[in-house]
Amino acid sequence: MRFDVLTLFPEMFSGYKTQSILNKAIDRELVEVHVHNMRDWTTDRHHKMDDRPFGGGPGMILMVEPVVNCVRDVQAMSDRPGQVILTTPQGERLRQPLCEELASTHQRFIVLCGRYEGFDQRVIDILKPMEISIGDYVLNGGEVASMVLIDSLVRLVPGVLGDEQSSWDDSFSRGNRILEYPQYTRPRSFEGHDVPEILLSGDHGAIEAWRKNQSLERTKQRRSDLLE
Ligand code: SAM
């Protein structure tokens with residue numbers, strides 16, 4: 001799976017790319033993350049990316065020309081044009097079923113990170129990207145949102161997780177779409193809190209039944225909307 005991230009702050013991705021699961025997936029050539037500075041596509045002397053909104057109002061707007069030119073050039077860097085995704089609080093909410101659908105239908109994503117008051121509407125009208133929001137709150141920029149997207153998709157690339165089963169059993173996932181059961185590891189007892197006996201019993205059938213029940217109870221208590 002290939003990601004091309006378009007941003008004004010490419011340095012935000014340097015630490016992110018070198019950590020943990022993503023780093024290993026890149027090393028094993030299962031995932032590529034290419035970060036492009038949209039400012040490199042400006043044509044004026046001052047490398048201007050933003051301007052004041054027509055009609056007045058606060059803040060600055062990302063200009064259509066460098067953004068569209070950047071996307072077109074980046075698309076041409078690989079034989080697959082890729083799915084263009086624009087991060088915005090106004091987009092479709094990112095949820096696990098959408099992550100699963102994206103991961104199973106696309107091999108390449110071009111992710112646009114907004115800043116300031118966002119993009120000139122014509123970026124959307126011309127490129128017709130999929131608009132994605134990571135939640136009902138407003139971030140300063142699309143970089144963190146694009147990291148959330150990348151993180152959620154990378155987990156679904158075959159071979160990236162040590163155990164494929166875990167991306168089925170995780171909360172919200174295709175295994176059952178409810179919350180995961182509680183988990184424990186050593187020690188068996190800590191400050192009077194003991195690991196449930198059943199998990200030490202070695203009875204796999206009973207453990208599975210207990211986990212299923214815990215998942216259901218937890219979902220009922222915390223997220224009954226998932227059971228509807
Ligand atoms: N003025 C815009 C609005 O009200 O819809 C918000 C702009 S926000 C300050 C700047 C950028 O952060 C956006 O262009 C987008 O890329 C990103 N962003 C902010 N909140 C987001 C969210 N919930 N999901 C995805 N991206 C978000």
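Small disclaimer: the values here were computed from a predicted structure and weren't measured. As the structure lists them, so they are numbered: ligands from 1, and atoms in each ligand from 1. Heads up: numbering here begins at 1 and tracks the sequence.
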| For atom 26 (N) of ligand 1, what is the nearest protein heavy atom, given as residue, atom name and distance? | T88 N, 3.4 Å
| Hey, are N23 and T18 close enough side-chain-wise for a donor-acceptor pair under 3.5 Å? | no
| Atom indices of ligand 1, in the order listed, that fall short of 4.0 Å to a heavy atom of G142 | 12 (O), 16 (O), 17 (C)
| query | Is R155 salt-bridged to D170, going by a charged N under 4.0 Å from an acidic O? | reply | yes
| message | Side-chain heavy atoms nearer than 4.5 Å, only ILVMFWY residues, links allowed to pass through others: does that put I85 and I150 together? | response | yes
| said: Could you identify the single nearest non-hydrogen protein atom to atom 8 (S) of ligand 1 and state the distance to 0.1 Å? | reply: L139 O, 3.3 Å
| request: State whether the number of non-hydrogen atoms from other residues, nucleotides or ligands found under 6.0 Å of R188 atom CZ is greater than 12. | output: no
| message | Out of all atoms in ligand 1, which are within 4.0 Å of some heavy atom of A145? Include the element for each. | response | 25 (C), 26 (N)
| field | Ionic contact status for E217 with K220, cut-off 4.0 Å | value | yes
| task | Please indicate whether any nitrogen or oxygen in C113 is less than 3.5 Å from any nitrogen or oxygen in ligand 1. | result | no
Throw together a table of side-chain donor-acceptor distances under 3.5 angstrom for residues 59-73, partners on residues two or more places apart or in other chains.
| from | atom 1 | to | atom 2 | distance (Å) |
| --- | --- | --- | --- | --- |
| N69 | ND2 | E65 | O | 3.4 |
| D73 | OD2 | W41 | NE1 | 2.7 |

| query | Would you say the side chains of T7 and E143 form a donor-acceptor pair under 3.5 Å? | reply | yes
| Proximal atoms of ligand 1 relative to S133 (non-hydrogen, under 4.0 Å) | 23 (N), 24 (N), 25 (C)
| task | Please say whether more than 12 non-hydrogen atoms of neighbouring residues, nucleotides or ligands are located less than 6.0 Å from CD in E29. | result | no
| In this structure, are over 12 heavy atoms from other groups packed under 6.0 Å from E11 atom CD? | yes
| Nitrogen or oxygen of G135 less than 3.5 angstrom from that of ligand 1 | yes
| task | Would you mind listing which atoms of ligand 1 come within a distance below 4.0 Å of any non-hydrogen atom of Q90? | result | 3 (C), 5 (O)
| said: I need the nearest protein heavy-atom contact for atom 18 (N) of ligand 1: residue, atom name and distance, please. | reply: P89 CD, 3.8 Å
| said: So if I count the atoms of ligand 1 from 1 in the order they appear, which ones are less than 4.0 Å from some heavy atom of G118? | reply: 14 (O)
| Enumerated ligand 1 atoms positioned under 4.0 Å from heavy atoms of V138 | 8 (S), 9 (C), 20 (N)
| remark: atom 2 (C) of ligand 1: closest protein heavy atom, distance to 0.1 Å, is E117 O, 3.6 Å
| request: Between I132 and ligand 1, find which residue part has any heavy-atom pair under 4.0 Å and reply side chain, backbone, both or neither. | output: backbone
| field | Subset of ligand 1 atoms that lie under 4.0 Å from at least one heavy atom of N140 | value | 10 (C), 12 (O)
| task | Could you tell me whether I134 and ligand 1 have an N or O pair separated by under 3.5 Å? | result | yes
| message | Could you identify the single nearest non-hydrogen protein atom to atom 10 (C) of ligand 1 and state the distance to 0.1 Å? | response | Y116 O, 3.3 Å
| When only distance counts, is T87 in polar contact with ligand 1, meaning an N/O pair under 3.5 Å? | yes
| said: Does K212, at its NZ atom, have more than 12 non-hydrogen atoms belonging to other residues, nucleotides or ligands within less than 6.0 Å? | reply: no
| request: Below 4.0 angstrom from a heavy atom of G114, which ligand 1 atoms are there? Numbered from 1 as shown, please. | output: 11 (C), 14 (O), 16 (O)
| In the hydrophobic clustering (ILVMFWY, side-chain contacts below 4.5 Å, transitive), which residues join L226, or is it alone? | F172, L179
